[in-house]
Amino acid sequence: MPIEWPDLLIFTGAALTLNLTPGNDMMFVLGQALRGGAHTGFAASLGIATGSAIHASLVAAGVAVVLAQHPAVFDAIRYAGAAYLIWVAYRSLAGASLALDATQRSRTPFEAWRDGTLVNLLNPKIIVFMFAFLPPFVRPENGMPLLQLFILATIFNAGGTLINFAVSAFADRKSTRLNSSH
């Protein structure tokens with residue numbers, strides 16, 4: 001196994017914790033599900049997942065080059081990643097506000113997927129976050145760093161997608177109840 005079980009368990013716990021933390025992607029999915037129902041929210045979730053997979057591929061390509069040519073740079077990325085995660089935690093605890101854009105219209109599932117992909121791809125924080133979060137869990141000494149990144153990115157993306165699906169279902173249920181009470 002290219003990833004040792006203790007590292008995999010720690011990563012999975014950290015990934016799920018981060019995926020449960022509300023952010024732009026989750027707020028987009030929530031807004032889409034409130035406006036267009038669960039199917040639109042699910043499509044937006046799959047768009048977010050598509051964007052995240054693209055980012056992970058870019059990270060894997062960059063990290064592979066760094067690992068092959070400059071091991072010291074890889075260590076610098078790991079330390080910078082740790083510093084970035086501390087900054088993200090500080091910002092989260094400081095109470096950065098998140099707001100839905102109430103003027104956004106309901107979208108078809110395709111539009112929600114497309115826009116979810118774009119929301120994720122055009123968010124410059126995502127690629128920086130991926131570079132900060134994934135490399136600290138890769139152990140070059142275990143071999144197959146690209147496979148390690150693929151496994152970690154898949155776990156992170158699958159967890160985020162499942163959580164966004166749950167947000168979609170919850171928002172759809174609450175929206176249906178609110179609309180039926182009027």
Side-chain angles (χ1 to χ4, degrees), residues 1-34 38 41-60 62-63 74-100 116-117 119-140 142 144-174:
M1 179 85 177
I3 303 173
E4 296 175 12
W5 285 107
D7 288 340
L8 197 56
L9 291 174
I10 291 168
F11 176 83
T12 301
L16 286 175
T17 300
L18 290 169
N19 283 323
L20 285 167
T21 305
N24 294 340
D25 291 347
M26 187 184 289
M27 292 297 105
F28 178 76
V29 168
L30 177 68
Q32 293 304 298
L34 286 172
F42 293 157
S45 299
L46 292 174
I48 298 296
T50 301
S52 186
I54 292 168
H55 279 298
S57 297
L58 294 172
V59 169
V63 170
F74 180 73
D75 287 336
I77 291 171
R78 290 171 71 161
Y79 292 121
Y84 178 74
L85 291 176
I86 291 168
W87 180 79
V88 167
Y90 169 76
R91 294 274 302 171
S92 295
L93 294 174
S97 66
L98 300 171
L100 290 174
T117 301
V119 161
N120 190 274
L121 284 176
L122 297 177
N123 185 348
K125 294 178 187 176
I126 299 297
I127 190 85
V128 173
F129 179 78
M130 288 281 201
F131 261 105
F133 190 66
L134 295 176
F137 290 94
V138 173
R139 304 284 182 242
N142 291 351
M144 300 183 283
L146 286 177
L147 179 59
Q148 292 179 55
L149 280 168
F150 175 76
I151 291 167
L152 296 171
T154 299
I155 290 168
F156 184 78
N157 205 0
T161 302
L162 291 174
I163 289 166
N164 282 334
F165 278 5
V167 167
S168 295
F170 174 79
D172 181 57
R173 213 172 350 190
K174 291 299 178 187

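Note that the structure is predicted; figures quoted are calculated from it, not measured. Throughout, numbering of the chain's residues begins at 1 and tracks the sequence.
Taking CG of Leu152 as the start and CG of Asn157 as the end, the distance is 12.5 Å to the nearest 0.5 Å. The CG atom of Leu34 sits 9.0 Å away from atom OG of Ser168, with the distance rounded to the nearest 0.5 Å. How far CE of Met26 is from OG1 of Thr21: 7.5 Å, rounded to the nearest 0.5 Å.
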Q.
As a quick check of understanding, evaluate side-chain contact (heavy atoms from CB on, under 4.5 Å) for Met27 and Leu30, giving each step before the final call.
A. CA-CA 5 Å; Met27 292 297 105; Leu30 177 68; 4.3 Å; yes
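Between Met130 and Pro135, the shortest heavy-atom distance links the atoms O-CD, 3.4 Å. Thr161 and Ala49 make their closest contact through OG1-CB, 3.2 Å (heavy atoms, listed as atom of the first residue, atom of the second, distance). The two residues Asn120 and Gly51 have their closest heavy-atom pair at OD1-C, 3.0 Å. Contact record, Ala60 with Leu146: O-CD2, 3.3 Å, taken as the closest heavy-atom pair. In this structure, Leu121 and His55 approach most closely via the heavy-atom pair CA-NE2, 3.4 Å.
Residue pairs meeting the side-chain hydrogen bond (donor to acceptor under 3.5 Å, both in side chains) criterion with at least one member in residues 43-52, sequence neighbours excluded: Thr50-Trp113.
Ile3 has its side chain out of reach of Asn142: every pair of non-hydrogen atoms, C-beta onward, lies at least 4.5 Å apart.
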Give the table of side-chain donor-acceptor pairs shorter than 3.5 Å for residues 5-20, with sequence neighbours excluded, one pair per line with atom names and distance.
residue	atom	partner	partner atom	Å
Asp7	OD2	Arg139	NE	3.3
Thr12	OG1	Leu8	O	2.8
Thr17	OG1	Gly13	O	2.8
Asn19	ND2	Ala15	O	3.1
Asn19	ND2	Phe156	O	3.0

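Other residues, nucleotides and ligands contribute over 12 non-hydrogen atoms within 6.0 Å of the CZ atom of Phe165.
For Ala44, the side-chain contact (heavy atoms from CB on, under 4.5 Å) partners are Phe28, Val29, Gln32, Ala112, not counting sequence neighbours.
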